[in-house]
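One structure is given below, encoded as structure tokens.
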Amino acid sequence: MDEEKQERKLVIPGEIVVSGDEYLPGDFTRKENDNIIANRYGLSEIRGRVVKIIPISGVFEPRRGNTVIGRVEDINFSGWSIDIGGPYSAFLPLAECPRFINRNNIEEFATVGDTFNLKIWNVKRGSVDLSLKLRGLGKLEDGRIIKINPHKVPRIIGKEGSMINLIKERTRTEITVGQNGYIWLKGDLECEKKAEEAINLIVKEAASEGLTERVEEFLGN
């Protein structure tokens, strides 16, 4: 906890995050002389020598390796068009599914309205290619989806998954977080509601210190 407090602070574009020749610019930062400068409004984080900004406003910016939640919006002979939010068209090809699928009966595997947890394996200008071929990916049955600012996702997940695991355990709710800001919840009605309220608390207080303690107090035993 102390380490996290020392490393993270709220910064604005143009602000010097840290000075020193030993530091290297990471996401949303640049180097000017010996200074690392913030390019975005968000939380600064220093890991080893690398300095990056975790944005807390703005739209989802897809990157290869991101895990996202998406909903099937169209089908053709070679795969599915998936809505992952934002201005990006995304496509799941048949070849990126974990088992053989008959092209003549593609809707048996997934149809319009189905929700999936997917991995981005390629990003091209204006479009995203998706895959289901890794462990933990697949259809999200039942439950419901809520939407948050995608740049608050790291705070929802917490260090090494600590925050999201706390919410799962205390609310007895299945939760899958997409880096595009879509979050799938599945539990009984009251538990889902409590989990959503805890998530909204984190979103609202994302830049605050002592956030874990506040969430623990909110969730109770």
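For reference, positions follow the sequence shown, starting with 1.
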If you round to the nearest 0.5 Å, how far is [atom2] of [Y] from [atom1] of [X]?
X: Asn122; Y: Ser127; atom1: CG; atom2: OG; answer: 7.5 Å
X: Arg155; Y: Thr212; atom1: CZ; atom2: OG1; answer: 7.0 Å
X: Asn39; Y: Thr29; atom1: CG; atom2: OG1; answer: 6.5 Å

Please find the pair of heavy atoms, one from [X] and one from [Y], that lie closest to each other, and give the distance.
X: Leu211; Y: Glu205; answer: CD1-CB, 3.6 Å
X: Leu130; Y: Ala90; answer: CD1-CB, 3.7 Å
X: Ala195; Y: Ile175; answer: CB-CD1, 4.2 Å

[X] (side chain) donor-acceptor with [Y] (main chain) under 3.5 angstrom:
X: Glu96; Y: Leu132; result: no
X: Arg170; Y: Gly220; result: yes
X: Thr171; Y: Ile167; result: yes
X: Gln179; Y: Val68; result: no

Would a hydrophobic clustering, with Ile, Leu, Val, Met, Phe, Trp and Tyr connected at side-chain separations under 4.5 Å, put [X] with [Y]?
X: Phe91; Y: Val72; result: no
X: Val50; Y: Ile36; result: no
X: Trp80; Y: Val128; result: yes

Using the rule side-chain contact (heavy atoms from CB on, under 4.5 Å), only one of Phe116, Trp184, Tyr182 pairs with Leu140; which is it?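 When Phe116, Trp184, Tyr182 are each tested with Leu140, the side-chain contact (heavy atoms from CB on, under 4.5 Å) holds only for Trp184.
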
Hey, can you pull the donor-acceptor pairs under 3.5 Å for the side chains in residues 103-111, sequence neighbours left out?
{"residue": "Arg103", "atom": "NH1", "partner": "Phe77", "partner atom": "O", "Å": "3.0"}
{"residue": "Asn105", "atom": "ND2", "partner": "Glu108", "partner atom": "OE1", "Å": "2.9"}

Enumerate, atom names and distances included, each donor-acceptor pair closer than 3.5 Å involving a side-chain atom of residues 197-204, sequence neighbours excluded.
{"residue": "Asn200", "atom": "ND2", "partner": "Glu196", "partner atom": "O", "Å": "3.4"}

